[in-house]
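Right, one structure below, let's go through it.
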Amino acid sequence: MAKGNKEPADDEDYIDIDDTGPGDLKGADGGYAWEEEYKRSWDVIQEDASGSIQSIVLGINDQLRHKRRVRDTEAIQRGIIRHVVLIIDQSENMNLRDLMPTRIQATLTMANAFIGEYFDQNPISQLSIIATKDGLAEKLTDLSGNPMDHLGALKDKANKDLAGEPSLQNALELAMHTLKRAPTHGSREVVCVIGSLTTCDPGDIAQTLEALKTAQVRVSMVHLAAEVHVFKRICKETGGVFYVAQNEDNMKDLLFENVPPPPIVSAKATSDMIQMGFPIKANNAEVPTPCVCHHELGFVGYICPRCKSKVCTLPTDCDVCGLPLVSAPHLARSYHHLFPEENFKEVVSGDMAVDSTCFGCGAVWAEPLVAAAAAAPDTSEPGGGGGGGGPGKYRCPRCKHDYCLECDIFIHETLHNCPGCV
Amino acid sequence: MIKAVKGTLIECDPAAREVLLKLNTKDQFIIEDLDNTHLFINSTHLERVQRALDELMNSNTYEVGAPP
Amino acid sequence: MSEPLESDPSLLVVVLDVNASAWSKSPLTVGNALQQMVIFINAYLALKPENNLVVLAANKRECKCLYPADRTTTIERDIRVYEQFRVVDATVLSGVQSMLSGAEAMVGDPNLGIEEGQTLMSRALSRALCHIHRVVEGTKSKVWSRMLVLSAADDAPREYISLMNTIFAAQRMGVLIDICKVFGGDSVFLQQAAEITGGNYLKVDTNGESMLQTLMFTCLADHYTREVLVAPTNETIDFRATCFCHKRVVDIGYVCSVCLSIFCELAPVCSTCQTKFSFRIARSESAQSNGVLKQSPKPAAATVAMSSLTLS
Amino acid sequence: MATQMGSEEEFKSTIAEYLESLPAQFCRRVFSNPAACLAIFRLLSTVGKHLVMSMLYLDSAIKLQDVYQWAKPDHQPLVRSKVHQLRKLQILTEERGNVSLSPVFREQLRNALTGGGDFSSFGIPFTGAVSGRVSKKWLASYANDRWEAILHFMVGHSADAEPPSESVRGILRMSRLMEDSAEGMKITNSGFQFLLQDPSSQVWTVLLQYLRLAEMQEMDVVEVLNFMFQLVSLQLGRPYSTEALTRNQQKMLAELCSFGLLYQDSVGAPQFYPTHLITSLSSGSASHSAPLSTSGSAATGRSAIPAASKGELAKPSDQGFIILETNCRVYAYTQSALQIAILNLFVHLVNRFPNFITGALTRDSVRRALSRGITADQIITFLTTHAHPQMQGRTPVLPITVTDQIRLWEQERNRLRPTAAYFYKDFGQKAEYERMFKYAQDIGVILWASNEKRQLVVTRQGHAKIAELVKSQRAAAAAAAAAAK
């Protein structure tokens, strides 16, 4: 299973032997990382009484899974309305086969998944895709709230032919130019997937960095090869994060880190009243009429309340008058970002149990969690299928109800509200 | 003048056909050699021919990595 | 999501609303409704031996899992009833009785902003999803799960967000939610639940004779059957939002960029999250950068003028 | 899994066909028993079930057309066929384009769902003192022993065990699973195929055979059927009283006991117990319930629901014990001599350990099985359904290389595809050949033809027709010639 080195500081999981935090090279005891005693993954594995290592391995899996989804949950203001530019490196380096089948292939598939998830989680946000190759940056899609546009652009064969070196500066400049038009109440972010260790820039990238900072663009990167100082510095100074992907799974995790909206830090982020249209579903079944977005004939559609033009999918922007069109559920879809569930605390054996069974699914504590043990390989969260065993109790700090690990993860990743608290 | 002959139509791959032709040299059971995937033979010999063919094929196959 | 096969077992979670005060207003007595529901459950169990069942009951204070029961209730045998059915029926009925009689009314948390005649529906649905999740994860073969909600109470506005979260979770998991609203006005929340998850929304006529027949006809079908047979057409409900300030239905509203609460007119401060708005309406400039209009910037300009018009 | 399901379906359908074959008044009497209605209902297809349920609480008849309208346009044919099936089963009655459930069936099925109606329908529980030793576990082992003893006998490994009772052998003989030969009874090809089926299918076959037997002995079929359906709906591990049973049913009871489907402390004892072999019929095939039982206990956390309790009752072989490697090696974790015997049908066994045997699928071993009429698909199905949990996870369960190899071995055995035929040659003129060719083509009997050689091969049936044609033409020609004279 992919070991998330997301927050390398607090994610000191034992099995992970190469998670020296990218911060400074000083290890925990002040010495350099390479001076510390080499941590062997098998050192932490002890046999239990019966001489089997199953229990402890399961225990470790639990801790990993639990840790994986522990994240900051205080109700900070988040930029629900986001404007993200996805920069994809299309230089020759992306031909390497260290990610199967090739870096570019893996990246494109990931990007597909990312876009789907992004619009599912942030239905009223916008995205734009920029590709960089041969020292140039090219805009594949402009800012738009319709996932179809982006997915279509990614399908384009041209994405596969790679050339020359990437130019981070050009890409960032272009991104900034794109984001300039984004209203101030929305967050401005850049997410780069880069495989190259170099960037071939026309000017001084430091100035670009300054510009980024003033424009309050948050840059995050997932690098496929190694840590590069300038990249990392850009991320750090713009308040973004810089990751190096270990493998495909890990890359997915890291990229998806950017799916939930980031907290708004800058004071300059204004809040506005955005004018939005709530169109009515129109299905006049006499004669099919074309939609303004794809110019395809169809019976059903949504009528823009302002200009009365017909679009076929929500959410989107009216192609005629530019009014953002959403339906009430779409707004509701974003609520869980605003009021996140608190993390559950693991119940240490000894303190009294409130519930005789898991408050969520009613599994009894005594028996090892059958379901977790037998979980299908394709569970929702990455690296699932482990877990089970042990008491595995987790308690919601607010309603003081106990949950099993399965429910704990499920509640925080899919359900987004605690059955006890609501 | 039309002739109608009672018998059995055999559909087979060319290799098997060759084998049958070879068997045919011993005792004539092939009524007509239609084309290289079809033969028309005397029904009475069918059983025997099939067995013969099976044995022949069997004797010509060799187990690779036969278990100990 | 793969196609449902005929041999795939299914999982049904029945959520019963046993809010006494709500039922008291209902022309259809709770006992009667339960009888019909129990028959429906039996019918479901009769469909496939592998079929799995969970029964939850909720009132304004608590939400309990009636079947499978916490304690194995011992019921005297009735030889006329098929064993498998009898266990379920007895447990469900006894459980509901105990909840109605309010014997254990005080356990569970003291009600949180929920008035009489409202039910902890979102909690019930959340727990239902937990059960479904557990079963689906625990089964190697594909299990198609759905929910049937027997609702009598009114919507509790404060549940809106949590209920919405639940509905979307269900949608992601491919769980159908069938709603059977017994009396009173339509429940807007539950209507959306049915609409979004692709389930059916039934409104039982007042006396509720035909309830069982309707259930049998619409809600008994598993995913496979729903592929084959036509579902009754729900009247399309419009997703137009109601503004938080005057509860009007709005076509074009103003949304707070922080908390996404909807208003029908401009306000200096968001009444929900107390955010001060910078006094200029954000036009969605993105229109200019839109694929269609990129070639010819002219209409874009027109757009701006237009939108500013509507705003002035 | 699917194919295995298929085999089971096939047996269910056969019993359904048997019901269809019954005359109307018989059906009505069968329906007069809630247990029977429930069991029959469970035999129906999913759509069929839904149709029945939709009409169950409709008191008035509805238009047949409306029923068809329930289906989505592209599924119309499916629904039509289901409706047709229901009508053949006498469940659906039609008059003047209106259909409704047969009144008896509707009433009794309602009773089955609501409780009420005929008291003894779900079996009369035995209230007297019962020996404590009969537990679910014990019953399971008992049933498995009995059943496997019979299968043993079929495989011919019953040297140690005493041969099963006469009635059992009678049924085996009747169902052509075994036949008498010089040295006692020996298993037939269909017997081998029988061995490879999952238990519930096997039980269905036996029950079906029993029905046929009952017919021959002029027993009242309805009586037998009702009793059979009642048994299917009984509850595992409970004693049931025998007093209300008729003589025939008593007789049947005894014989089913000898199959291990039921258990009686002693012949003529006042109570009997159903075993999981027969109760599992109403709750699906064991191989299906196995994965779900885990989910059941997972969902409930306790074995409150029947599905969960079936898990530990299922005999070890039901949880799959075979590991098949891509190099055709087979490892089977089993002690049961029967399983080993069955494996021995198509596996070349190498080593045997106390709880474990190793072997390999070799060309010879598979050919041996094929020559016994076992098909490659049956072998593959058996291996799939009994695959070790370790293998169950992956898809496909079995390594493709092996399954393909098995199929290849099957193909190479029949390299000749013979068809009885007639061969025409020496046609006079082209026209004649073409006329006949055309005619043969129209009636679709041509197996092979060659225009240049003017030769034609047609099926036996075709020959008769063609011969007539030729005769008539000859006659016509002769007549014409005579006229010309």
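What you see is a predicted model; the values in this text were computed from it and never measured.
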Exercise for the section: Fit a plane to each ring of C/H133 and A/F410, take the angle between them on a 0 to 90° scale, and name the class: parallel (under 30°), tilted (30 to 60°) or perpendicular (over 60°). Expected result: parallel
Handout entry: Flag side-chain contact, heavy atom, 4.5 Å: C/S145 against C/V136
Key = yes
Handout entry: C/F168 vs C/M164 side-chain heavy atoms within contact, under 4.5 Å
Key = yes
Completion exercise
Residues passing the side-chain contact (heavy atoms from CB on, under 4.5 Å) test with C/T197, sequence neighbours excluded, are C/I167, C/A170, C/I177
Fill in the blank from the handout: Under 4.5 Å to a heavy atom of chain A? For C/E265 that would be backbone
Practice task
Against chain C, label A/L325 side chain, backbone, both or neither, depending on which of its atoms sit under 4.5 Å from a heavy atom there.
Solution key: neither
Handout entry: Options C/I252, C/L129, C/L125, C/L163, ranked by heavy-atom pairs under 4.5 Å with chain A, top entry
Key = C/I252
